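The next block holds one structure in the form of structure tokens; read it before the comments.
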There are 2 protein chains.
Amino acid sequence: MGLRERKKEKTRLAILDAALDLFLEQGYDATTVEQIAGAAEVSPRTFFRYFSGKEHLALWYHDYGEAVMREALDSRPADEPPFTSLLHALRAVADDIQELTPEDAERFLKMRKVYEANPTLIGKAVGRAAETELRLVDAVARRTGLDPDESRLPYLVVAFAMSITRVGFECPRPEVTGVSDLAARLRETVDLAERVFVPGWDRP
Amino acid sequence: MGLRERKKEKTRLAILDAALDLFLEQGYDATTVEQIAGAAEVSPRTFFRYFSGKEHLALWYHDYGEAVMREALDSRPADEPPFTSLLHALRAVADDIQELTPEDAERFLKMRKVYEANPTLIGKAVGRAAETELRLVDAVARRTGLDPDESRLPYLVVAFAMSITRVGFECPRPEVTGVSDLAARLRETVDLAERVFVPGWDRP
DNA sequence: GTAATTTATGGCAGGGAGTGACAGATGACA
DNA sequence: TGTCATCTGTCACTCCCTGCCATAAATTAC
């Protein structure tokens, strides 16, 4: 990796960390881009080159989570029922969270606190998740050979899987003290949900 | 109803209709609040007194839908399993859509077209739905006597029900030509979903 | 090592969203 | 009719975000 790329990564993290600290200190809404940029020692204009906006910061781990999930999905056998595949993908996400570097884990937990203090952010995150859903529907449709214009099954399968994700992540209590807690809760929710569907419901 | 209230309702609808037409004409993003206010013959400042922003316009029917759903939920027997109650509430929403006045039905369908042309709007709508979810979780927790801090069941029940709603409304094809189509599809999705859960899964 | 090229950064200008404050207009009501 | 409450428009302001251009830094070629 060249000096240029390393520098970019450093600024990206500087902005992210500055933002997280400011959010926790004085609240998400009360924090301006100008402040974040100032704390990270870049110009506001540069901030927008790294992040599309304040919201983008808050959704930082979503894009990563989606990538993990889609990779995991691709690695499942093609003839597996899609819901089963998605649940495995969710477990892969849980595993991945646990393997975050200490720095990333700290960022992750800080962001979680920001979410707890700003319920409207949850809405934005869920909105972002809706876009992920559309891509997953495509993936599931391709895997099953179903046409999403004809069958509502791919939509349902994905929507249910995302519900499980959301419930696993969102529930504020009991309090989460580390990424392991969170991973455990996600796994637990997957286990719980696994038992409530009639076997084979997700087969075309 | 006094003259004052009638006038307010008229302005509200004037703004809404002006916005819908502009959205369809030149796109949601390209339409400014100033234009909407101008077309509705009010000042921009007044626009913001009626709607918190452009987004609020797009979520106009959500608040109403939530109200319908919660009323329907309240009217179900308290000892009914919560998921069953929610599915009945969804059917109530479907019934309600069908009974919209022709004017409201037209607005509803126009808004749907705007959504189709602006996928990011779906995300915002889903985000709003997330707030609805939290309120429904409370309602379900109260009905079942479950503590949402202890059991993840209320969350799951509500999240699954909302998934069904979303799938029913969102799926763009086959094309929807009237509110009856939409109501039918919602009912259809509820019927489909009803069969995929193991009986009694939602009982504490 | 130096020159040429690519790429990141900062500053500036400007549009659009959204809000608070105040003055004037208009319906409500005695 | 006169008083009161409420709605409306104007103004000024902050913040978000983008396009544009000049500068500075890293990369590559020579």
Side-chain angles (χ1 to χ4, degrees), chain A residues 1-20 22-23 25-60 63 114 118-121 123-125 127-128 131, chain B residues 1-23 25-60 63 114 118 120-121 123-125 127-128 131:
Chain A
M1 225 204 304
L3 169 58
R4 199 164 226 156
E5 305 232 359
R6 264 179 294 146
K7 224 173 172 178
K8 272 180 74 172
E9 198 53 29
K10 227 178 93 187
T11 7
R12 168 167 275 118
L13 290 177
I15 294 174
L16 185 57
D17 288 331
L20 281 172
L22 283 169
F23 290 163
E25 216 174 288
Q26 50 181 15
Y28 177 81
D29 289 324
T31 304
T32 70
V33 170
E34 203 180 347
Q35 290 177 317
I36 299 171
E41 293 179 313
V42 293
S43 74
R45 189 66 188 84
T46 295
F47 170 91
F48 286 108
R49 287 196 175 92
Y50 281 89
F51 297 93
S52 59
K54 252 191 342 180
E55 253 185 64
H56 191 188
L57 286 164
L59 303 172
W60 184 237
D63 300 335
V114 176
N118 293 78
T120 61
L121 269 181
K124 313 222 166 173
R128 175 63 142 256
E131 296 168 29
Chain B
M1 226 206 301
L3 170 58
R4 200 163 224 156
E5 305 233 356
R6 266 179 293 147
K7 221 172 173 180
K8 272 180 73 172
E9 198 54 27
K10 228 177 93 187
T11 326
R12 170 167 273 119
L13 290 177
I15 294 174
L16 185 57
D17 287 331
L20 282 172
D21 289 335
L22 284 169
F23 290 163
E25 214 175 290
Q26 51 181 9
Y28 177 81
D29 289 324
T31 304
T32 69
V33 170
E34 203 179 346
Q35 289 177 318
I36 299 171
E41 293 179 313
V42 292
S43 74
R45 189 67 186 85
T46 295
F47 170 91
F48 285 108
R49 287 200 242 271
Y50 280 89
F51 298 93
S52 60
K54 252 190 343 178
E55 255 184 63
H56 191 187
L57 285 164
L59 303 172
W60 183 235
D63 300 336
V114 176
N118 294 77
T120 61
L121 268 181
K124 313 224 165 170
R128 174 62 142 258
E131 296 167 30

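Note that this is a predicted model, so its numbers are computed, not measured.
Atom P of nucleotide C/dG16 and atom CZ of B/Phe47 are separated by 14 Å, given to the nearest angstrom. Rounded to whole angstrom, the span from the CE atom of A/Met1 across to the C1' atom of D/dA26 amounts to 15 Å. In this structure, the CZ atom of B/Phe48 is 15 Å from the P atom of D/dT10, given to the nearest Å. Rounded to an integer number of Å, the gap from CZ of A/Arg45 to C1' of D/dA24 is 17 Å. The separation between A/Glu41 atom CD and C/dG10 atom P is 10 Å, rounded to whole Å. Regarding B/Glu55, its CD atom lies at a distance of 18 Å from the P atom of C/dG16, rounded to whole Å. Put simply, NZ on B/Lys8 is 12 Å from C1' on D/dT8, counting in whole angstrom units. Nucleotide C/dC12 holds its P atom 13 Å from the CD atom of A/Glu34, rounded to whole Å.
Distance from the side chain of A/Leu3 is smallest for D/dA26 among the nucleotides D/dC16, D/dT8, D/dA26. Candidate nucleotides C/dA17, C/dT9, D/dT10 were compared by shortest atom distance to the side chain of A/Thr46, and C/dT9 ranks first.
In this structure, A/Ile36 and A/Val42 have side chains that are not in contact, with every pair of non-hydrogen atoms separated by 4.5 Å or more. By the 4.5 Å heavy-atom criterion applied to side chains, B/Val33 and B/Phe48 are counted as neighbours.
Place B/Pro44 and A/Pro44 on DNA chain C by their nearest nucleotides, and A/Pro44 ends up nearer the 5' end. In terms of position along DNA chain C, the nucleotide closest to A/Tyr50 lies nearer the 5' end than the nucleotide closest to the other residue of the pair A/Tyr50 and B/Lys54.
In this model, a side-chain donor or acceptor of B/Arg4 finds a partner on the base of D/dT6 within 3.5 Å. Within 3.5 Å, a donor on the side chain of B/Arg49 pairs with an acceptor on the base of D/dG9, or the reverse.
Residues A/Arg128 and A/His56 come closest through the heavy atom pair NH2-CD2, 4.3 Å. Annotation for B/Pro44 and B/Glu34: closest pair CG-CG, 4.3 Å, computed over non-hydrogen atoms.
Atoms CG and CG, on B/Leu22 and B/Leu57 in that order, are 10.5 Å from each other to the nearest 0.5 Å.
Of the side-chain N and O atoms in A/Lys7, none sit less than 4.0 angstrom from OP1 or OP2 of D/dA25.
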